Participant: 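Take this structure, written in C-alpha cells, and hold onto it; I'll ask about it next.
Note that the structure is predicted; figures quoted are calculated from it, not measured.
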Amino acid sequence: MKNKIFLLFIIIGYLSILINSLEYLLIDKPYLLILSFFILFYVIIKEKKNREPLLTNLLPFSSGIMSFVMRFFYIDKFDYADRLNNLILLSLVFTIIGIIIRYKLYEKFIKKFNLYSIKKRVIIIFVITEIIFILSSFVIVKKGVILIGDEPHYLAISHSIAKDYDINVFNQYARDEYRDFIDYRLKSHAKEGKGFKKWYSIHLPGVSFTLAPFLLFKIPFTLLYFLIRSFMGLFGAGIAVLIYLFSLKLLKRENLSIFITIVFTFTTPIFFMSIHIFAEIQALFLLLLSIYLLIFENYPKKNRLRLILSGLFMSLTVFWGMKYLLFIAFYLAGNTIYLFLKKKYINIIYISIFPIISIIVFTMFLYYAYGTISPTAIYTGVISLEQKAELIKNTKAIPFSLRVETLLDYFFDQRDGLLLYNPFYLFFFPGLILAIKNIKKYYLYILISIPGFVYILYHGYSTIRAGYCPQARYLTPVMWVLLIFTIIYYIETKNKFFKRLFYLIPIYSLFTVIYQILNPFTLYQQTTHDSAVRGGLMFQKLSNLYINITEFLPSYAKVNGNFKYIPNIAFFILLIVFIFLAIKKKSINNSKIFYVPIFIIIFALVSLFPKIPLYNPIKVADKMDKNMIPFTFYSNRELSGRIYSEGFGSIKGNGRYKFYLSVPKYFLIKTRNKHGKNISAKISFFNFNENITVNIFNFNIKKLKTIIQKTNNSIIIKNLTIKDLKSQKIIVFTIDVKNNSNKKPFDFRLKLFYLDDKLK
C-alpha cells in the first residue's frame, strides 16, 4: 500500500512539472525533463521486479506538485521556466544520490579500483585528476575568465625570464611589454631595486620559472591561458597522488584513503588553486613531497638520498614565497634536535645541506637586488632608514582586533573564507582536540603540524587579505594540516552520526565546486579595504526574492562592528556546539530524518521563490537630463549584457538578456503626486544590422516590440508593470536578440521617465 501511494505521488509530481512546463519547454534546458522521463519510465515500466525499493529514491519527483504553488510567486515566464528547471534538477540530484547510496555504487567502484596495484592506482589518480583539471580550465576560459588578481604579474616575471633572461621586470611594466600576454592596462607590482632601471616584482619567481616556456612563443591569449591553467593542474594531480599515499600510510584503509583524496583534491581551495596561476599550489606540492620523503619513505639503503631530497624540496619553497621561510626554519630546527637526540649526527648534515644553501642564495639575491638582506625589501624596495622606521611604526599601530578579524576571515568569511565553501574541514576542530587527548599516539603529527599553525597565525597577524582569487588562498599551503586532524577525528570518534556526516558533508563541498566552475566569477571577490560589501557572490546568486542567504552568514569585511555582527556571533556559537556534539560518544541513530528538511530548504532557495539577482548594483542617472528618473540596475549576465552610467549599455551576440531596475518607493510617491502618471521607459538601439530581431518583454507582458528597424531604432514602453520589493519598486526587462549573424556587440540606451514628460 505504501509503495502504491509513493508511485501515485511520483507520477502526479512529474505530470505537474510537465503540465507547467508545456509553455516553457522551448525556452531553456528541455533535456532535464526528457532525462527525468526516461529515468521514471525505466523504473516504473521496465524494472517491475526491482521497482519497489527504488520508489523511495524517486520520491523527490513528487515535489513537482509544488510547481502549482510556485505560480503564486510569478514574476515572468523566463524566471518561472528557470525555477522549474531547478526543481527538476534538484529532484534528479537527490534521486541519483539516493540510488548511489542504496546500491552502494561508490563502494563497488572503490572495490574494483583497489584490485589494481599501487603503481596503477597512482597512475589512474594522476591521469583522471589532470583530465578533470583540463576540462575545468577549458570551461572557465570559455566563460570569459582571463587573468585575474596576481596572475598576470607572475606571467610578467615569466615574460622577463623568457625574453630578457632575467627577473628585472622594468621592460614589462615601464614599456608595456606585458601586452604580449594580456590586452588590458596592468598596474605595476614591482618595487625599485638597487641600480638604474632595476624593478623587481613583489612576487618571488618560483612559479614564474616553471611558466616561462609558454612565453617563448606567440600564442593566442585564450589558448595561452588554457594551456597554462592545464599545466598548473599537473601539480594539483601530483598533490592528489601524494595525499592518497599519505592517507594509506596514516589510515591503512584503502576505501577511506581514496575518499579522502577525492574530497581534498576536488573541493575548495585545492581544486581551484590547481587551475589558477598562483604560487601556493606548487609550494604545497614541494612541501608534501618533502614531508612524505622524510616521514614515510624510510628505506635504510637510500636513507642519505632520501634526507637530501627531502631537504631539497623543502628548501626550494622559499623561491615561491618568503612566507615559506617559516617552514624551512622549523624544518631545520626540528630535525636537527630530533636527530641530535637520536645521535644520528651525520644525518643532520644530509638533511641541512640544501636548506642552508637556499637561505644563502636567497640572502645573496636580496643583497644583489635591493642592497639589503632584509626580506621585507621584496615588498618595500630600496627605502631610507626614515621610511623603514615609519613602516615599522605603522605596522605596530595595527589594532590587535584587526589581526584577529583577519584570522577569523580565513575560515569564516562568506567572500573568501574556507568553511562556508568547504564545511568538511569543520571536523578539523574536534579532530585537534582528540589528537591532543591522545598525544602519545599522535605526537609526530602534531609536531610536523606546528609550522602550519605558526604560518596561519603569522598570516592573521600580518592582516594580509586576499584580492581577486579563489576562496581560502592563504590556507592552501597548510590544507594538509587541516586534513591530518580531520582524518584523526574520523579515526578516534565513536559518534556514528558524525561519522556518517563525515561522508555526507562533502556532497555540499563538491556542489560548490561544480557551481563555481559554471559560474566562475563567484570565485573572485575583493576583500581588502577597497570593498566593504559583506555578501559573497555565490550566496547572492543562490538567494532569491524572499530569502537572502548573505544576511545569515558571517562576514569579516573591513568595516567597523564585525565582533558585534549577529551572524558572526551566531556562527561562532554554532561552531562551539558542533565541536561539543562531535566529541561526544552518543549520537542520533537515524540521520535520514534530515533528508526531507534539507530538500525543503534547497527547494525554497532555488525553486519556490523568484530569483531576482539584486547584486552588483549600478546606479544610473543623467545629470544633463532632468526628465530622466534615476534608477539602480542589476543584471544576471556577467559579460555580455551590461548597463553603465547614464543608461548606456551593450549586448553581445544572440541570447536572452534580463535587466532588473529598481526605484525607491518614496521617490515614486513624491513624483507621482507631481506628474500623476505611471512610469514609462525609452530604449534606443545603435550599431546593429537591420536584420537583427529584438523582442522586448516587461515581466509577463507579451512582446512590446518584435522588430526594430535601423531607421527607427527607439521604442517607448508605456505604463510599465512594476512590482514591490521591500522599499523598492522593481521593473524587469527581458531583451531577446536573434539573427545577429556576426555576433558583434551593439549598444543601447535605457531611460525611465513619466509619460507626460516630453522626450525627443
Participant: Kindly compute the distance separating CG (Leu227) from CG (Leu211), expressed to the nearest 0.5 Å.
Facilitator: 11.5 Å
Participant: List the atom of Ser201, the atom of Ile378, and the distance in Å for their closest heavy-atom pair.
Facilitator: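 What the structure gives for the nearest pair is O-CG2, 4.2 Å.
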Participant: Please assess Phe411 against Leu575 for the test side-chain contact (heavy atoms from CB on, under 4.5 Å), listing each intermediate value before the final yes or no.
Facilitator: CA-CA 12 Å; Phe411 289 94; Leu575 177 65; over 6 Å; no
Participant: Salt bridge (Lys or Arg N to Asp or Glu O under 4.0 Å) with Lys104: which residues, sequence neighbours excluded?
Facilitator: none
Participant: Kindly give the heavy-atom pair with the smallest separation between Ile448 and Pro451, and that separation in Å.
Facilitator: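 Scanning both residues, the minimum pair turns out to be O-CD, 3.4 Å.
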Participant: Looking at the rings of Tyr489 and Phe428, which for Trp means the six-membered one, are their centres under 6.0 Å apart?
Facilitator: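 Tyr489 vs Phe428: aromatic centres not under 6.0 Å.
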Participant: When you measure from the side chain of Tyr442 to the backbone N and O of Leu432, does any donor-acceptor pair fall under 3.5 Å?
Facilitator: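 No; zero donor-acceptor contacts below 3.5 Å.
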Participant: Working to the nearest 0.5 Å, report the span between CD1 of Ile308 and CZ of Phe313.
Facilitator: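 That separation rounds to 12.0 Å.
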Participant: Run the salt bridge (charged side-chain N to carboxylate O under 4.0 Å, His left out) test on Lys441 and Glu492 for me, step by step, so that the C-alpha distance in whole Å, both residues' side-chain angles and the decisive distance to 0.1 Å come before the verdict.
Facilitator: CA-CA 11 Å; Lys441 185 177 179 181; Glu492 293 297 324; 2.9 Å; yes
Participant: Can you check whether Phe424 reaches Thr267 side chain to side chain, under 4.5 Å on heavy atoms?
Facilitator: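 A side-chain contact is absent here, since even the closest heavy-atom pair is not under 4.5 Å.
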Participant: Would you say Thr522 and Gln516 are linked by a side-chain donor-acceptor pair, where the criterion is simply a distance under 3.5 Å?
Facilitator: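 Side chains of Gln516 and Thr522: pair found under 3.5 Å.
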Participant: Stepwise, does the side-chain hydrogen bond (donor to acceptor under 3.5 Å, both in side chains) test hold for Tyr331 with Ser310?
Facilitator: CA-CA 10 Å; Tyr331 174 92; Ser310 179; 3.0 Å; yes
Participant: Taking atom CZ of Phe453 as the centre, does the number of heavy atoms from other residues, nucleotides or ligands within less than 6.0 Å exceed 12?
Facilitator: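 Yes, enclosed.
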Participant: With rounding to the nearest 0.5 Å, note down the distance linking CD1 in Ile157 to CD1 in Ile202.
Facilitator: 9.0 Å
Participant: Does Phe138 CZ have over 12 foreign heavy atoms under 6.0 Å away?
Facilitator: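 Open: at most 12 neighbouring heavy atoms sit under 6.0 Å from CZ of Phe138.
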Participant: Below 4.5 Å, heavy atoms only, C-beta onward: do Phe221 and Ile146 meet side chain to side chain?
Facilitator: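 No, side chains not in contact.
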Participant: For the ring pair Phe578 and Phe427, is the centre-to-centre distance below 6.0 Å?
Facilitator: yes
Participant: Please name all residues satisfying salt bridge (Lys or Arg N to Asp or Glu O under 4.0 Å) with Asp416, sequence neighbours left out, ordered by chain then number.
Facilitator: none
Participant: Give, for atom CD1 of Ile125 and atom CZ of Phe113, the distance between the pair rounded to the nearest 0.5 Å.
Facilitator: 4.0 Å
Participant: Is there side-chain contact between Ile132 and Thr129, with at least one heavy-atom pair below 4.5 Å?
Facilitator: no
Participant: Would the distance check show the side chain of Gln525 and the main-chain N or O of Arg415 forming a donor-acceptor pair, the cut-off being under 3.5 Å?
Facilitator: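 Side chain of Gln525 to backbone of Arg415, a donor-acceptor pair under 3.5 Å: yes, one is there.
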Participant: Do you know which two heavy atoms are closest between Ser462 and His459, and how far apart they sit?
Facilitator: OG-O, 2.6 Å
Participant: Please name the pair of heavy atoms, one in Asn422 and one in Ser509, separated by the smallest distance, quoted to 0.1 Å.
Facilitator: OD1-OG, 2.7 Å
Participant: Is a side-chain N or O of Ser208 found less than 3.5 angstrom from the main chain of Tyr154, in a donor-acceptor match?
Facilitator: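 A pair under 3.5 Å: yes.
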Participant: Does the side chain of Val145 reach to within under 4.5 Å of the side chain of Phe521, using non-hydrogen atoms?
Facilitator: yes
Participant: Any heavy-atom pair between the side chains of Met314 and Pro355 that's under 4.5 Å?
Facilitator: no
Participant: For Ile549, does its backbone N or O pair with a side-chain atom of Ser543 as donor and acceptor, under 3.5 Å?
Facilitator: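 Between the backbone of Ile549 and the side chain of Ser543 there is a qualifying donor-acceptor contact (under 3.5 Å).
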Participant: Supply the atom-to-atom distance Leu89 CG to Asn85 CG, rounded to the nearest 0.5 angstrom.
Facilitator: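 Reported to 0.5 Å precision, the distance equals 8.5 Å.
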Participant: On a heavy-atom basis, which atom in Leu248 and which in Ser257 lie closest, and how many Å separate them?
Facilitator: N-OG, 3.4 Å
Participant: May I have the step-by-step check of side-chain contact (heavy atoms from CB on, under 4.5 Å) for Leu286 and Phe327, ending in yes or no?
Facilitator: CA-CA 11 Å; Leu286 292 170; Phe327 288 96; over 6 Å; no
Participant: Is the OH atom of Tyr461 crowded by more than 12 outside heavy atoms at less than 6.0 Å?
Facilitator: no
Participant: To the nearest 0.5 Å, what is the distance between CG (Leu90) and OG1 (Thr95)?
Facilitator: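 Output value for this atom pair is 9.0 Å.
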Participant: Please examine the side chains of Tyr421 and Phe539, heavy atoms only from C-beta on, and report whether any two atoms are closer than 4.5 Å.
Facilitator: yes
Participant: Any carboxylate oxygen within less than 4.0 angstrom of a Lys/Arg side-chain nitrogen, looking at Glu151 and Arg229?
Facilitator: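 Answer for the salt bridge query: yes.
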Participant: Crowded around Lys499 NZ? As in, over 12 foreign heavy atoms under 6.0 Å?
Facilitator: yes
Participant: Identify the heavy atoms of Pro470 and Phe278 that sit nearest to each other, and give their distance.
Facilitator: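 Here Pro470 and Phe278 meet closest at CD-CE1, 3.8 Å.
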Participant: Starting from the C-alpha separation in whole Å, work towards a yes-or-no answer on side-chain contact (heavy atoms from CB on, under 4.5 Å) for Leu408 and Asn568.
Facilitator: CA-CA 10 Å; Leu408 294 173; Asn568 290 352; over 6 Å; no
Participant: Are Tyr490 and Arg253 close enough, and set up right, to give a side-chain contact (heavy atoms from CB on, under 4.5 Å), and what steps lead you there?
Facilitator: CA-CA 12 Å; Tyr490 184 86; Arg253 294 170 60 179; 3.7 Å; yes
Participant: Can you find a pair of side-chain heavy atoms, one from Val481 and one from Ile456, that are under 4.5 Å apart?
Facilitator: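 No, side chains not in contact.
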Participant: Given side chains that start at C-beta, do those of Leu420 and Gln471 come closer than 4.5 Å, heavy atoms only?
Facilitator: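 Leu420 does not reach Gln471 side chain to side chain.
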Participant: Given Leu204, which of Phe362, Tyr324, Trp320 fulfils the side chain to side chain contact (heavy atoms under 4.5 Å, CB included) condition?
Facilitator: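 When side chain to side chain contact (heavy atoms under 4.5 Å, CB included) is applied between Leu204 and each of Phe362, Tyr324, Trp320, only Phe362 qualifies.
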Participant: Which donor-acceptor pairs under 3.5 Å do the side chains of residues 230-246 make with protein atoms, sequence neighbours left out?
Facilitator:
{"unit_1": "Ser230", "atom_1": "OG", "unit_2": "Phe226", "atom_2": "O", "d": "2.9"}
{"unit_1": "Tyr244", "atom_1": "OH", "unit_2": "Arg121", "atom_2": "NH1", "d": "2.8"}

Participant: Would you say Arg534's side chain and Ser555's backbone share a donor-acceptor pair under 3.5 angstrom?
Facilitator: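 At least one qualifying donor-acceptor pair exists.
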